[in-house]
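Treat the numbers as computed from the prediction; the structure is a model and nothing was measured.
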Amino acid sequence: MGSGRRKLTIAIDGPSGAGKGTVARAIAAELGYRHVDSGAMYRAVGWKALHDAVPLDHEPAVAALASRSRVSLDAAAASSEMA
């Protein structure tokens with residue numbers, strides 16, 4: 001993105017299965033923006049919390065886990081790897 005353009009964050013809200021990801025990827029491609037799949041990151045942190053026996057209802061513990069974890073999303077497979 002050139003220095004003369006404003007940085008934008010575009011959020012798309014809606015129920016599960018409504019096609020938000022499909023729309024978000026299309027908009028990002030059309031505008032030349034990076035698409036960040038926050039839902040996949042959310043699910044990856046949830047998986048890591050379950051894997052590490054961190055109670056999902058203990059928000060400070062889940063937040064700490066997220067802060068010290070690295071999420072890597074494979075664009076083709078939408079898989080996640082956490083270190």
Peer 1: Please examine the side chains of Asp57 and Val62, heavy atoms only from C-beta on, and report whether any two atoms are closer than 4.5 Å.
Peer 2: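 When only atoms from C-beta onward are counted, Asp57 and Val62 do not touch, as no gap falls below 4.5 Å.
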Peer 1: Check for a donor-acceptor pair, side chain of Asp37 on one end and backbone N or O of Gly39 on the other, with a separation under 3.5 Å.
Peer 2: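 Pair found, side chain donor or acceptor close to backbone of Gly39.
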Peer 1: Please round to the nearest 0.5 Å and tell me the distance separating atom CD1 of Ile27 and atom CD1 of Ile12.
Peer 2: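 So the gap between those two atoms works out to 4.0 Å.
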Peer 1: Could you pull out the closest heavy-atom pair between Leu56 and Gly46, with the gap in Å?
Peer 2: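 Where Leu56 meets Gly46 most closely, the heavy atoms are CD2-O, 4.2 Å.
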Peer 1: Which atom pair, heavy atoms only, marks the closest approach of Gly21 to His35?
Peer 2: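 In this case the closest contact between Gly21 and His35 is O-NE2, 4.3 Å.
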Peer 1: Assigning hydrophobic clusters by single linkage (Ile, Leu, Val, Met, Phe, Trp, Tyr; side-chain heavy-atom cutoff under 4.5 Å), is Tyr42 placed with Leu50?
Peer 2: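 Looking at the clustering, Leu50 is in a separate group from Tyr42.
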Peer 1: Side chains of Val71 and Lys48: closer than 4.5 Å at any heavy-atom pair?
Peer 2: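 When only atoms from C-beta onward are counted, Lys48 and Val71 do not touch, as no gap falls below 4.5 Å.
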Peer 1: Is any side-chain heavy atom of Thr22 closer than 4.5 Å to a side-chain heavy atom of Lys20?
Peer 2: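 No, their side chains stay 4.5 Å or more apart.
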